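Input: a single structure, listed below in structure tokens.
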Amino acid sequence: MTAETATALPVLVVVTIALTWGLTLAVTQARLVDLSRDGARMLARGESEAAVLRETRSMAPAGSDVVIEGADDVVSGSSGFARSRRPAESRALPDGAVRVTVRAEARIDLPLLRRLPAVALQANAVADVEGGEP
């Protein structure tokens, strides 16, 4: 092994780890966006809140939090993140609209990489309820 190879190998390992971590974050964020959109679409079509929570939780990453907000300001959440009556980042919804927020922490589940910090990710989707009222 040459000196150049011995020097470059640790750099390549660090770059590979960084790329893996970044890809994990991007994939998890894309999943959350899809889940929040699907949940908002289901609510807009008239699905029950319980059915939407059940379906969204079943497809969300482990430990995720799903919050549903309707025009009547009713909020439902699941375990994993601190719950409040209304999330701090929340804005008022227009009449006849619903919002689905999905939050999760992204981490790499490989033995040597578990020490990398978890990153909190969130996705929101708002949809108008078909027929007017939720």
Side-chain angles (χ1 to χ4, degrees):
M1 180 162 28
T2 65
E4 290 83 11
T5 305
T7 305
L9 194 57
V11 172
L12 289 175
V13 169
V14 169
V15 168
T16 302
I17 290 171
L19 290 174
T20 303
W21 190 57
L23 183 62
T24 300
L25 293 176
V27 168
T28 303
Q29 181 65 34
R31 282 180 66 192
L32 297 181
V33 168
D34 288 343
L35 287 171
S36 65
R37 285 180 183 167
D38 290 345
R41 196 173 304 123
M42 288 171 63
L43 282 170
R45 281 185 274 162
E47 294 282 334
S48 72
E49 195 174 289
V52 172
L53 281 172
R54 185 175 51 253
E55 184 72 22
T56 306
R57 284 182 195 155
S58 71
M59 293 188 302
S64 296
D65 183 36
V66 179
V67 178
I68 294 176
E69 297 176 73
D72 58 355
D73 205 23
V74 174
V75 179
S76 299
S78 63
S79 62
F81 286 80
R83 284 191 263 166
S84 63
R85 178 74 180 129
R86 198 157 167 74
E89 69 278 353
S90 181
R91 294 188 183 112
L93 288 170
D95 288 338
V98 291
R99 177 185 294 128
V100 176
T101 302
V102 183
R103 298 183 197 122
E105 287 188 346
R107 52 178 79 242
I108 299 176
D109 195 23
L110 296 173
L112 296 175
L113 303 180
R114 286 190 183 124
R115 293 185 178 177
L116 287 174
V119 177
L121 300 173
Q122 173 177 310
N124 298 303
V126 177
D128 289 329
V129 175
E130 295 177 9
E133 287 298 311

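Since this is a predicted model, take the numbers as computed values, not measurements.
A pairwise comparison of heavy atoms in Ser64 and Pro61 identifies OG-O, 2.5 Å as the closest pair. Considering all non-hydrogen atoms of both residues, Val100 and Ser36 come closest at O-CB, 3.5 Å. Ala118 approaches Glu105 most closely through the heavy-atom pair CB-OE1, 4.0 Å. What you find for Ala40 and Val98 is that their closest heavy atoms are O-CG2, 4.0 Å.
Cluster annotation: Leu25 is connected to Ile17 through the hydrophobic network of ILVMFWY side chains, with a link wherever side-chain heavy atoms come within less than 4.5 Å. No continuous path of ILVMFWY side-chain contacts below 4.5 Å connects Val33 to Val52, so the two sit in separate hydrophobic clusters. Hydrophobic clustering, with ILVMFWY side chains joined whenever heavy atoms are under 4.5 angstrom apart, groups Val129 together with Met42. Each of Met59 and Val27 belongs to its own hydrophobic cluster when Ile, Leu, Val, Met, Phe, Trp and Tyr are linked at side-chain heavy-atom distances under 4.5 angstrom.
For the pair Ser58 (side chain) and Glu55 (backbone), a donor-acceptor distance under 3.5 Å is present. Using modelled atom types, no side-chain atom of Arg99 and backbone atom of Val67 make a donor-acceptor pair closer than 3.5 Å. Formation of a donor-acceptor pair under 3.5 Å by the Gln122 side chain with backbone atoms of Ala104 is not found in this model.
Of the residues listed (Leu43, Thr101, Thr56), the one engaging Ile68 in a side-chain contact (heavy atoms from CB on, under 4.5 Å) is Leu43, and it is the only one.
Put simply, CG on Leu121 and CZ on Arg103 are 12.0 Å apart, with the number rounded to the nearest 0.5 Å.
One finds no salt bridge joining Arg31 and Asp34 here, because no Lys/Arg side-chain nitrogen approaches an Asp/Glu carboxylate oxygen to under 4.0 Å.
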